[in-house]
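Report on one structure; see the data block that follows.
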There are 2 protein chains.
Amino acid sequence: MFIIGELINGMYSNIAFALKEHDKKIVQACALEQISNGADALDLSCGPASKNPLVDLPWLVETVQEVTDKPLCLDSSKPKVIEEGLKAARNKTIINSTTADIEKLEILIPLAKKYKSKLIGITISAQGIPQNKDQRLELAAIILTHASESGFSIQDLFLDPIVMPVNVAQGQIKDILDAIHEFKMITNPSPKTIIGLSNVSQGAKSRSLINRTFLTMAVASGLDSAILDPNDKELIDILITAELILNKNIYCDSYLEAYRKK
Amino acid sequence: MFIIGELINGMYSNIAFALKEHDKKIVQACALEQISNGADALDLSCGPASKNPLVDLPWLVETVQEVTDKPLCLDSSKPKVIEEGLKAARNKTIINSTTADIEKLEILIPLAKKYKSKLIGITISAQGIPQNKDQRLELAAIILTHASESGFSIQDLFLDPIVMPVNVAQGQIKDILDAIHEFKMITNPSPKTIIGLSNVSQGAKSRSLINRTFLTMAVASGLDSAILDPNDKELIDILITAELILNKNIYCDSYLEAYRKK
(Lines give C-alpha, C1' and ligand atoms only; values in the text may rest on other atoms or scores of the structure.)
Protein backbone atom coordinates (compact mmCIF):
# COMPACT_ATOMS: atom_id res chain seq x y z
CA MET A 1 0.00 0.00 0.00
CA PHE A 2 1.32 3.38 -1.02
CA ILE A 3 0.43 5.70 1.87
CA ILE A 4 0.03 9.41 1.19
CA GLY A 5 -0.08 11.49 4.38
CA GLU A 6 -3.00 13.92 4.43
CA LEU A 7 -2.02 16.26 7.26
CA ILE A 8 -0.30 19.12 5.41
CA ASN A 9 -3.55 20.81 4.51
CA GLY A 10 -4.63 24.39 5.16
CA MET A 11 -7.97 23.17 6.48
CA TYR A 12 -6.08 22.16 9.64
CA SER A 13 -5.46 25.11 11.93
CA ASN A 14 -1.74 24.44 12.46
CA ILE A 15 -1.07 24.45 8.71
CA ALA A 16 -3.36 27.46 8.15
CA PHE A 17 -1.28 29.30 10.76
CA ALA A 18 1.99 28.13 9.17
CA LEU A 19 0.85 29.36 5.75
CA LYS A 20 -0.14 32.75 7.15
CA GLU A 21 3.11 33.24 9.05
CA HIS A 22 5.27 31.33 6.57
CA ASP A 23 6.47 29.23 9.51
CA LYS A 24 8.51 26.42 7.95
CA LYS A 25 9.10 24.52 11.17
CA ILE A 26 5.42 23.60 11.67
CA VAL A 27 5.15 22.21 8.14
CA GLN A 28 8.46 20.38 8.29
CA ALA A 29 7.65 18.78 11.66
CA CYS A 30 4.30 17.61 10.25
CA ALA A 31 6.09 16.15 7.22
CA LEU A 32 8.67 14.28 9.27
CA GLU A 33 6.14 12.91 11.75
CA GLN A 34 3.99 11.47 8.96
CA ILE A 35 7.04 9.91 7.29
CA SER A 36 8.21 8.38 10.57
CA ASN A 37 4.74 6.81 10.90
CA GLY A 38 4.83 5.22 7.46
CA ALA A 39 3.89 7.83 4.84
CA ASP A 40 5.41 7.04 1.43
CA ALA A 41 4.39 10.45 0.07
CA LEU A 42 2.86 13.67 1.36
CA ASP A 43 -0.25 15.48 0.16
CA LEU A 44 0.17 19.26 0.08
CA SER A 45 -2.96 21.39 0.05
CA CYS A 46 -3.31 25.10 0.83
CA GLY A 47 -6.94 24.59 1.77
CA PRO A 48 -9.77 27.11 1.59
CA ALA A 49 -8.08 29.61 3.94
CA SER A 50 -5.22 30.38 1.55
CA LYS A 51 -5.70 33.72 -0.24
CA ASN A 52 -2.82 33.13 -2.61
CA PRO A 53 -2.39 29.44 -3.45
CA LEU A 54 -0.25 30.36 -6.47
CA VAL A 55 2.39 31.40 -3.94
CA ASP A 56 1.43 29.15 -1.03
CA LEU A 57 1.60 25.78 -2.83
CA PRO A 58 5.15 26.35 -4.16
CA TRP A 59 6.11 27.53 -0.66
CA LEU A 60 4.79 24.25 0.78
CA VAL A 61 6.69 22.30 -1.88
CA GLU A 62 9.96 24.12 -1.15
CA THR A 63 9.47 23.87 2.60
CA VAL A 64 8.81 20.14 2.58
CA GLN A 65 11.54 19.16 0.16
CA GLU A 66 14.09 20.84 2.43
CA VAL A 67 13.58 17.91 4.82
CA THR A 68 12.59 14.93 2.63
CA ASP A 69 12.88 13.56 -0.87
CA LYS A 70 9.59 11.63 -0.64
CA PRO A 71 7.10 12.23 -3.48
CA LEU A 72 4.77 15.20 -3.11
CA CYS A 73 1.09 15.06 -3.99
CA LEU A 74 0.07 18.52 -5.27
CA ASP A 75 -3.52 19.01 -4.20
CA SER A 76 -5.60 21.72 -5.85
CA SER A 77 -8.67 21.96 -8.06
CA LYS A 78 -6.93 24.75 -10.02
CA PRO A 79 -4.51 23.65 -12.78
CA LYS A 80 -2.58 26.92 -12.55
CA VAL A 81 -1.88 26.28 -8.87
CA ILE A 82 -0.79 22.72 -9.67
CA GLU A 83 1.60 24.06 -12.32
CA GLU A 84 3.22 26.48 -9.86
CA GLY A 85 3.72 23.53 -7.51
CA LEU A 86 5.23 21.43 -10.29
CA LYS A 87 7.65 24.20 -11.20
CA ALA A 88 8.91 24.33 -7.62
CA ALA A 89 9.25 20.57 -7.16
CA ARG A 90 12.55 18.71 -7.27
CA ASN A 91 10.98 15.62 -5.63
CA LYS A 92 8.76 13.24 -7.60
CA THR A 93 5.19 14.49 -7.87
CA ILE A 94 1.62 13.30 -8.10
CA ILE A 95 -1.04 15.68 -9.42
CA ASN A 96 -4.17 15.61 -7.22
CA SER A 97 -6.33 15.69 -9.31
CA THR A 98 -8.06 15.81 -12.66
CA THR A 99 -11.78 15.15 -13.03
CA ALA A 100 -13.28 13.34 -16.02
CA ASP A 101 -14.11 16.69 -17.67
CA ILE A 102 -12.47 17.07 -21.08
CA GLU A 103 -11.24 20.62 -20.43
CA LYS A 104 -9.47 19.46 -17.26
CA LEU A 105 -8.03 16.34 -18.88
CA GLU A 106 -6.71 18.41 -21.80
CA ILE A 107 -4.76 20.64 -19.40
CA LEU A 108 -3.67 18.21 -16.68
CA ILE A 109 -2.56 15.20 -18.75
CA PRO A 110 -0.09 17.34 -20.78
CA LEU A 111 1.08 18.97 -17.52
CA ALA A 112 1.69 15.55 -15.96
CA LYS A 113 3.64 14.49 -19.06
CA LYS A 114 5.66 17.70 -19.19
CA TYR A 115 6.72 17.43 -15.53
CA LYS A 116 6.98 13.59 -15.46
CA SER A 117 4.34 13.55 -12.74
CA LYS A 118 1.91 10.82 -11.80
CA LEU A 119 -1.76 11.80 -11.96
CA ILE A 120 -4.86 11.11 -9.87
CA GLY A 121 -8.05 10.93 -11.94
CA ILE A 122 -11.18 11.29 -9.87
CA THR A 123 -14.38 9.83 -11.31
CA ILE A 124 -16.44 12.98 -11.05
CA SER A 125 -17.48 15.48 -13.70
CA ALA A 126 -19.29 18.78 -14.13
CA GLN A 127 -22.50 16.69 -14.15
CA GLY A 128 -21.88 15.99 -10.47
CA ILE A 129 -21.00 13.07 -8.26
CA PRO A 130 -21.67 9.61 -9.70
CA GLN A 131 -24.56 7.81 -8.04
CA ASN A 132 -23.48 4.21 -8.53
CA LYS A 133 -20.73 1.88 -9.67
CA ASP A 134 -21.59 2.01 -13.38
CA GLN A 135 -21.38 5.80 -13.50
CA ARG A 136 -17.97 5.56 -11.83
CA LEU A 137 -16.82 3.06 -14.45
CA GLU A 138 -18.06 5.29 -17.28
CA LEU A 139 -16.08 8.25 -15.92
CA ALA A 140 -13.04 6.03 -15.36
CA ALA A 141 -13.25 4.95 -19.01
CA ILE A 142 -13.24 8.61 -20.15
CA ILE A 143 -10.13 9.33 -18.06
CA LEU A 144 -8.36 6.17 -19.24
CA THR A 145 -9.18 6.82 -22.89
CA HIS A 146 -7.82 10.36 -22.77
CA ALA A 147 -4.69 9.27 -20.92
CA SER A 148 -4.08 6.46 -23.37
CA GLU A 149 -4.70 8.61 -26.46
CA SER A 150 -2.34 11.25 -25.08
CA GLY A 151 0.44 8.69 -24.60
CA PHE A 152 0.32 8.95 -20.80
CA SER A 153 1.35 5.70 -19.09
CA ILE A 154 -1.70 4.02 -17.51
CA GLN A 155 0.54 2.72 -14.74
CA ASP A 156 1.21 6.32 -13.70
CA LEU A 157 -2.54 6.96 -13.37
CA PHE A 158 -4.38 6.57 -10.06
CA LEU A 159 -8.16 6.24 -10.38
CA ASP A 160 -10.16 7.57 -7.43
CA PRO A 161 -13.80 6.36 -7.21
CA ILE A 162 -14.65 9.38 -5.00
CA VAL A 163 -15.47 8.19 -1.53
CA MET A 164 -18.71 9.54 -0.08
CA PRO A 165 -19.49 9.95 3.63
CA VAL A 166 -21.34 6.97 5.07
CA ASN A 167 -23.73 9.30 6.85
CA VAL A 168 -24.98 10.88 3.61
CA ALA A 169 -24.55 8.18 0.95
CA GLN A 170 -24.62 4.92 2.88
CA GLY A 171 -26.04 2.98 -0.07
CA GLN A 172 -23.07 3.92 -2.27
CA ILE A 173 -20.21 2.60 -0.17
CA LYS A 174 -20.50 -0.99 -1.43
CA ASP A 175 -20.56 0.42 -5.00
CA ILE A 176 -17.34 2.30 -4.26
CA LEU A 177 -15.66 -0.91 -3.06
CA ASP A 178 -16.86 -2.75 -6.16
CA ALA A 179 -15.61 0.13 -8.35
CA ILE A 180 -12.10 -0.24 -6.88
CA HIS A 181 -12.19 -3.94 -7.77
CA GLU A 182 -13.41 -3.28 -11.31
CA PHE A 183 -11.08 -0.34 -12.04
CA LYS A 184 -8.24 -2.85 -11.78
CA MET A 185 -9.76 -4.91 -14.58
CA ILE A 186 -10.58 -2.18 -17.12
CA THR A 187 -7.18 -2.22 -18.81
CA ASN A 188 -4.09 -4.40 -18.93
CA PRO A 189 -1.77 -3.21 -17.45
CA SER A 190 -4.12 -1.97 -14.74
CA PRO A 191 -4.38 1.61 -13.58
CA LYS A 192 -3.62 2.13 -9.90
CA THR A 193 -6.45 2.83 -7.48
CA ILE A 194 -6.56 5.43 -4.74
CA ILE A 195 -9.02 6.84 -2.21
CA GLY A 196 -9.23 9.86 0.02
CA LEU A 197 -10.02 7.73 3.06
CA SER A 198 -11.21 10.30 5.58
CA ASN A 199 -14.17 11.30 3.38
CA VAL A 200 -15.96 8.08 4.38
CA SER A 201 -16.34 9.28 7.96
CA GLN A 202 -16.85 13.01 7.28
CA GLY A 203 -19.35 14.36 9.80
CA ALA A 204 -19.65 11.02 11.61
CA LYS A 205 -18.79 10.08 15.15
CA SER A 206 -16.42 7.08 15.56
CA ARG A 207 -14.36 8.44 12.66
CA SER A 208 -11.26 6.33 13.22
CA LEU A 209 -13.31 3.11 13.54
CA ILE A 210 -15.23 3.83 10.32
CA ASN A 211 -11.99 4.76 8.51
CA ARG A 212 -10.21 1.55 9.47
CA THR A 213 -13.16 -0.70 8.71
CA PHE A 214 -13.64 0.81 5.26
CA LEU A 215 -9.89 0.78 4.53
CA THR A 216 -9.72 -2.94 5.37
CA MET A 217 -12.49 -3.67 2.89
CA ALA A 218 -10.90 -1.42 0.26
CA VAL A 219 -7.58 -3.25 0.63
CA ALA A 220 -9.44 -6.54 0.09
CA SER A 221 -10.98 -4.99 -3.06
CA GLY A 222 -7.51 -4.32 -4.49
CA LEU A 223 -6.76 -0.76 -3.41
CA ASP A 224 -3.20 0.36 -4.22
CA SER A 225 -2.95 3.69 -2.43
CA ALA A 226 -4.75 5.90 0.08
CA ILE A 227 -4.54 9.48 1.26
CA LEU A 228 -4.95 9.13 5.01
CA ASP A 229 -3.71 10.09 8.46
CA PRO A 230 -0.56 8.00 9.00
CA ASN A 231 -0.39 9.20 12.61
CA ASP A 232 -3.52 7.11 13.40
CA LYS A 233 -1.67 4.08 14.80
CA GLU A 234 -4.72 1.79 14.92
CA LEU A 235 -5.40 2.58 11.27
CA ILE A 236 -1.87 1.67 10.21
CA ASP A 237 -1.96 -1.47 12.40
CA ILE A 238 -5.06 -2.77 10.63
CA LEU A 239 -3.66 -1.77 7.24
CA ILE A 240 -0.51 -3.81 7.89
CA THR A 241 -2.67 -6.71 9.10
CA ALA A 242 -4.94 -6.49 6.03
CA GLU A 243 -1.91 -6.83 3.77
CA LEU A 244 -0.64 -9.72 5.92
CA ILE A 245 -3.96 -11.56 5.51
CA LEU A 246 -3.79 -11.03 1.75
CA ASN A 247 -0.28 -12.53 1.74
CA LYS A 248 1.45 -9.33 0.63
CA ASN A 249 3.89 -9.42 3.56
CA ILE A 250 5.36 -12.54 5.11
CA TYR A 251 4.03 -13.51 8.54
CA CYS A 252 6.21 -13.38 11.60
CA ASP A 253 5.07 -12.98 15.19
CA SER A 254 6.28 -9.40 15.26
CA TYR A 255 4.94 -8.54 11.80
CA LEU A 256 3.76 -5.06 12.90
CA GLU A 257 7.21 -4.05 14.09
CA ALA A 258 8.90 -5.77 11.14
CA TYR A 259 6.76 -3.83 8.66
CA ARG A 260 7.48 -0.54 10.38
CA LYS A 261 11.24 -1.16 10.42
CA LYS A 262 11.22 -1.91 6.70
CA MET B 1 -24.59 -11.29 11.08
CA PHE B 2 -25.61 -14.27 13.14
CA ILE B 3 -23.13 -14.38 16.03
CA ILE B 4 -22.45 -17.71 17.73
CA GLY B 5 -20.57 -17.34 21.03
CA GLU B 6 -17.55 -19.66 21.25
CA LEU B 7 -16.71 -19.51 24.95
CA ILE B 8 -18.56 -22.55 26.32
CA ASN B 9 -15.85 -24.96 25.32
CA GLY B 10 -13.98 -27.46 27.49
CA MET B 11 -10.69 -26.30 26.05
CA TYR B 12 -11.06 -23.23 28.28
CA SER B 13 -10.06 -23.92 31.87
CA ASN B 14 -13.18 -22.43 33.47
CA ILE B 15 -15.47 -24.66 31.39
CA ALA B 16 -13.21 -27.71 31.88
CA PHE B 17 -13.53 -27.13 35.62
CA ALA B 18 -17.32 -26.67 35.38
CA LEU B 19 -17.65 -29.92 33.42
CA LYS B 20 -15.54 -31.79 35.97
CA GLU B 21 -17.45 -30.43 38.98
CA HIS B 22 -20.81 -30.14 37.19
CA ASP B 23 -20.87 -26.51 38.30
CA LYS B 24 -23.84 -24.99 36.48
CA LYS B 25 -23.24 -21.41 37.60
CA ILE B 26 -19.95 -21.05 35.69
CA VAL B 27 -21.55 -22.24 32.46
CA GLN B 28 -24.70 -20.17 32.91
CA ALA B 29 -22.73 -17.01 33.69
CA CYS B 30 -20.64 -17.60 30.56
CA ALA B 31 -23.84 -18.05 28.52
CA LEU B 32 -25.48 -14.88 29.83
CA GLU B 33 -22.38 -12.73 29.41
CA GLN B 34 -22.02 -13.76 25.76
CA ILE B 35 -25.71 -13.06 25.11
CA SER B 36 -25.51 -9.65 26.76
CA ASN B 37 -22.59 -8.86 24.43
CA GLY B 38 -24.51 -9.78 21.29
CA ALA B 39 -24.43 -13.57 20.81
CA ASP B 40 -27.44 -14.82 18.84
CA ALA B 41 -26.60 -18.45 19.63
CA LEU B 42 -24.10 -20.35 21.77
CA ASP B 43 -21.63 -23.02 20.73
CA LEU B 44 -21.37 -25.89 23.23
CA SER B 45 -18.27 -28.07 23.12
CA CYS B 46 -16.98 -30.47 25.76
CA GLY B 47 -13.48 -30.11 24.39
CA PRO B 48 -10.65 -32.61 24.54
CA ALA B 49 -10.61 -32.77 28.37
CA SER B 50 -14.05 -34.38 28.64
CA LYS B 51 -13.86 -38.11 29.37
CA ASN B 52 -17.55 -38.65 28.79
CA PRO B 53 -18.96 -36.28 26.16
CA LEU B 54 -22.06 -38.50 25.78
CA VAL B 55 -23.02 -37.25 29.24
CA ASP B 56 -21.27 -33.90 29.26
CA LEU B 57 -22.80 -32.41 26.09
CA PRO B 58 -26.42 -33.08 27.20
CA TRP B 59 -25.47 -31.63 30.60
CA LEU B 60 -24.21 -28.44 28.88
CA VAL B 61 -27.44 -28.29 26.84
CA GLU B 62 -29.65 -28.64 29.91
CA THR B 63 -27.57 -26.20 31.93
CA VAL B 64 -27.62 -23.49 29.28
CA GLN B 65 -31.28 -23.77 28.36
CA GLU B 66 -32.20 -23.20 32.01
CA VAL B 67 -31.15 -19.57 31.46
CA THR B 68 -31.81 -18.85 27.76
CA ASP B 69 -33.90 -19.96 24.81
CA LYS B 70 -31.24 -18.88 22.28
CA PRO B 71 -30.25 -21.54 19.71
CA LEU B 72 -27.53 -23.99 20.73
CA CYS B 73 -24.74 -25.05 18.42
CA LEU B 74 -23.83 -28.66 19.30
CA ASP B 75 -20.12 -29.00 18.66
CA SER B 76 -18.58 -32.45 18.36
CA SER B 77 -16.86 -34.55 15.72
CA LYS B 78 -18.78 -37.61 17.00
CA PRO B 79 -22.34 -38.06 15.64
CA LYS B 80 -23.37 -40.10 18.72
CA VAL B 81 -22.41 -37.17 20.98
CA ILE B 82 -24.35 -34.77 18.73
CA GLU B 83 -27.40 -37.02 18.97
CA GLU B 84 -27.30 -37.05 22.78
CA GLY B 85 -27.17 -33.26 22.67
CA LEU B 86 -30.11 -33.11 20.25
CA LYS B 87 -32.18 -35.40 22.51
CA ALA B 88 -31.63 -33.05 25.46
CA ALA B 89 -32.37 -29.83 23.55
CA ARG B 90 -35.62 -27.89 23.79
CA ASN B 91 -34.03 -24.81 22.20
CA LYS B 92 -33.40 -24.60 18.47
CA THR B 93 -30.19 -26.35 17.45
CA ILE B 94 -27.37 -26.18 14.95
CA ILE B 95 -25.23 -29.28 14.38
CA ASN B 96 -21.51 -28.39 14.32
CA SER B 97 -20.55 -30.13 12.05
CA THR B 98 -20.53 -32.63 9.21
CA THR B 99 -17.57 -32.99 6.89
CA ALA B 100 -17.92 -33.73 3.18
CA ASP B 101 -17.36 -37.47 3.83
CA ILE B 102 -20.26 -39.61 2.64
CA GLU B 103 -20.44 -41.69 5.82
CA LYS B 104 -20.76 -38.52 7.93
CA LEU B 105 -23.29 -36.90 5.60
CA GLU B 106 -25.42 -40.07 5.64
CA ILE B 107 -25.65 -39.93 9.44
CA LEU B 108 -25.79 -36.20 10.15
CA ILE B 109 -28.21 -35.01 7.46
CA PRO B 110 -30.91 -37.48 8.61
CA LEU B 111 -30.19 -36.49 12.24
CA ALA B 112 -30.62 -32.80 11.38
CA LYS B 113 -33.89 -33.59 9.61
CA LYS B 114 -35.20 -35.75 12.47
CA TYR B 115 -34.49 -33.08 15.09
CA LYS B 116 -35.36 -30.08 12.84
CA SER B 117 -31.82 -28.80 13.36
CA LYS B 118 -29.74 -26.57 11.16
CA LEU B 119 -26.42 -28.05 10.02
CA ILE B 120 -22.89 -26.77 9.52
CA GLY B 121 -21.09 -28.46 6.64
CA ILE B 122 -17.35 -27.98 6.76
CA THR B 123 -15.43 -28.31 3.49
CA ILE B 124 -12.97 -30.90 4.69
CA SER B 125 -12.82 -34.65 4.09
CA ALA B 126 -10.88 -37.76 5.07
CA GLN B 127 -8.43 -36.74 2.30
CA GLY B 128 -7.46 -33.79 4.48
CA ILE B 129 -7.71 -30.03 4.47
CA PRO B 130 -8.35 -28.42 1.08
CA GLN B 131 -5.38 -26.51 -0.28
CA ASN B 132 -7.17 -23.89 -2.35
CA LYS B 133 -10.50 -22.34 -3.28
CA ASP B 134 -11.40 -24.89 -5.96
CA GLN B 135 -11.00 -27.84 -3.57
CA ARG B 136 -13.26 -26.01 -1.11
CA LEU B 137 -15.87 -25.53 -3.84
CA GLU B 138 -15.70 -29.23 -4.80
CA LEU B 139 -16.30 -30.29 -1.20
CA ALA B 140 -19.10 -27.72 -0.85
CA ALA B 141 -20.75 -29.21 -3.94
CA ILE B 142 -20.63 -32.69 -2.38
CA ILE B 143 -22.29 -31.41 0.80
CA LEU B 144 -24.92 -29.43 -1.12
CA THR B 145 -25.74 -32.34 -3.41
CA HIS B 146 -26.26 -34.73 -0.50
CA ALA B 147 -28.36 -32.22 1.41
CA SER B 148 -30.47 -31.50 -1.63
CA GLU B 149 -30.97 -35.18 -2.54
CA SER B 150 -31.93 -35.91 1.07
CA GLY B 151 -34.61 -33.20 1.02
CA PHE B 152 -32.73 -31.05 3.54
CA SER B 153 -33.43 -27.31 3.08
CA ILE B 154 -30.34 -25.56 1.66
CA GLN B 155 -31.28 -22.46 3.63
CA ASP B 156 -30.75 -24.45 6.84
CA LEU B 157 -27.23 -25.36 5.74
CA PHE B 158 -24.18 -23.32 6.79
CA LEU B 159 -21.08 -23.91 4.67
CA ASP B 160 -17.76 -23.44 6.47
CA PRO B 161 -14.68 -23.02 4.21
CA ILE B 162 -12.42 -24.09 7.12
CA VAL B 163 -10.32 -21.16 8.22
CA MET B 164 -6.60 -21.85 8.51
CA PRO B 165 -4.16 -20.00 10.77
CA VAL B 166 -2.41 -17.14 9.00
CA ASN B 167 0.90 -18.22 10.52
CA VAL B 168 0.79 -21.67 8.87
CA ALA B 169 -1.26 -21.18 5.68
CA GLN B 170 -0.90 -17.50 4.85
CA GLY B 171 -1.33 -18.11 1.13
CA GLN B 172 -4.76 -19.68 1.66
CA ILE B 173 -6.52 -16.86 3.46
CA LYS B 174 -7.46 -14.98 0.28
CA ASP B 175 -8.80 -18.28 -1.13
CA ILE B 176 -10.96 -18.69 1.97
CA LEU B 177 -12.42 -15.20 1.49
CA ASP B 178 -13.10 -15.94 -2.17
CA ALA B 179 -14.69 -19.29 -1.21
CA ILE B 180 -17.15 -17.48 1.08
CA HIS B 181 -18.12 -15.25 -1.85
CA GLU B 182 -18.53 -18.16 -4.24
CA PHE B 183 -20.40 -20.46 -1.82
CA LYS B 184 -23.22 -17.89 -1.92
CA MET B 185 -23.51 -18.34 -5.69
CA ILE B 186 -23.47 -22.14 -5.97
CA THR B 187 -27.21 -22.57 -5.54
CA ASN B 188 -30.33 -20.44 -5.56
CA PRO B 189 -31.50 -20.01 -2.84
CA SER B 190 -28.01 -19.70 -1.39
CA PRO B 191 -26.62 -21.73 1.46
CA LYS B 192 -25.55 -19.71 4.46
CA THR B 193 -21.84 -19.22 5.17
CA ILE B 194 -20.07 -19.51 8.48
CA ILE B 195 -16.54 -19.43 9.85
CA GLY B 196 -14.81 -20.39 13.08
CA LEU B 197 -13.10 -17.01 13.32
CA SER B 198 -10.46 -17.60 15.98
CA ASN B 199 -8.71 -20.23 13.86
CA VAL B 200 -7.24 -17.48 11.69
CA SER B 201 -5.07 -16.23 14.55
CA GLN B 202 -4.30 -19.59 16.23
CA GLY B 203 -0.74 -19.47 17.53
CA ALA B 204 -0.23 -15.85 16.47
CA LYS B 205 0.46 -12.77 18.53
CA SER B 206 -1.93 -9.81 17.98
CA ARG B 207 -4.83 -12.30 17.91
CA SER B 208 -7.66 -9.81 18.35
CA LEU B 209 -6.27 -7.52 15.62
CA ILE B 210 -5.91 -10.39 13.16
CA ASN B 211 -9.40 -11.66 14.04
CA ARG B 212 -11.10 -8.34 13.47
CA THR B 213 -9.23 -7.58 10.25
CA PHE B 214 -10.13 -10.98 8.78
CA LEU B 215 -13.75 -10.75 9.99
CA THR B 216 -14.15 -7.36 8.29
CA MET B 217 -12.98 -8.84 4.99
CA ALA B 218 -15.17 -11.92 5.44
CA VAL B 219 -18.23 -9.73 6.03
CA ALA B 220 -17.42 -7.86 2.81
CA SER B 221 -17.23 -11.29 1.07
CA GLY B 222 -20.81 -12.08 2.14
CA LEU B 223 -20.35 -13.99 5.39
CA ASP B 224 -23.64 -14.75 7.18
CA SER B 225 -22.47 -16.13 10.51
CA ALA B 226 -19.39 -16.55 12.67
CA ILE B 227 -18.41 -18.50 15.74
CA LEU B 228 -16.40 -15.96 17.72
CA ASP B 229 -15.75 -14.33 21.08
CA PRO B 230 -18.62 -11.86 21.57
CA ASN B 231 -16.92 -10.49 24.69
CA ASP B 232 -14.19 -8.96 22.47
CA LYS B 233 -15.69 -5.46 22.32
CA GLU B 234 -13.38 -4.16 19.60
CA LEU B 235 -14.30 -7.16 17.44
CA ILE B 236 -18.02 -6.51 17.79
CA ASP B 237 -17.50 -2.76 17.20
CA ILE B 238 -15.81 -3.41 13.86
CA LEU B 239 -18.40 -6.05 12.95
CA ILE B 240 -21.22 -3.54 13.52
CA THR B 241 -19.27 -0.95 11.51
CA ALA B 242 -18.65 -3.41 8.66
CA GLU B 243 -22.38 -4.05 8.38
CA LEU B 244 -23.01 -0.30 8.52
CA ILE B 245 -20.62 0.28 5.62
CA LEU B 246 -22.37 -2.44 3.62
CA ASN B 247 -25.70 -0.69 4.26
CA LYS B 248 -27.15 -3.53 6.34
CA ASN B 249 -27.98 -1.23 9.26
CA ILE B 250 -29.08 2.38 8.98
CA TYR B 251 -26.55 5.04 9.94
CA CYS B 252 -27.07 7.21 12.96
CA ASP B 253 -24.36 8.97 14.99
CA SER B 254 -24.77 6.48 17.82
CA TYR B 255 -25.01 3.42 15.54
CA LEU B 256 -22.88 1.26 17.86
CA GLU B 257 -25.18 1.82 20.82
CA ALA B 258 -28.31 1.58 18.64
CA TYR B 259 -27.22 -1.80 17.30
CA ARG B 260 -26.49 -3.12 20.77
CA LYS B 261 -29.87 -1.99 22.12
CA LYS B 262 -31.65 -3.75 19.28
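It should be emphasised that the depicted structure is a prediction, and the values quoted were computed from it without experimental measurement. Throughout, protein chains are lettered first and strands after them, A, B, ... in sequence-line order, and every chain is numbered starting at 1.
Side-chain contact between A:L256 and B:S206: present, with at least one pair of heavy atoms (C-beta onward) separated by less than 4.5 Å. Side-chain atoms of A:I238 and B:L209, non-hydrogen and from C-beta on, do get closer than 4.5 Å to each other. Taking the side chain as every heavy atom from C-beta outward, A:K174 and B:K248 never approach each other to under 4.5 Å. You'll find the side chain of B:I210 reaches within 4.5 Å of the side chain of A:Y255, heavy atoms only.
Contact count versus chain A (heavy atoms, under 4.5 Å) is highest, among B:V219, B:I250, B:V200, B:I176, for B:I250.
Of the atoms belonging to B:E234, it is side-chain heavy atoms, and not backbone ones, that fall under 4.5 Å from chain A. Interface remark: B:L244 contributes backbone and side-chain atoms alike to the contact with chain A (heavy atom separation under 4.5 Å).
In this structure, the side chain of A:Q170 engages the main chain of B:N249 through a donor-acceptor pair within 3.5 Å.
When all heavy atoms are compared, the tightest approach of A:N167 to B:Y251 is CB-CE2, 3.3 Å.
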Run the numbers on A:L246 and B:M217 for side chain to side chain contact (heavy atoms under 4.5 Å, CB included), then give the verdict. CA-CA 10 Å; A:L246 297 174; B:M217 292 183 178; 4.0 Å; yes
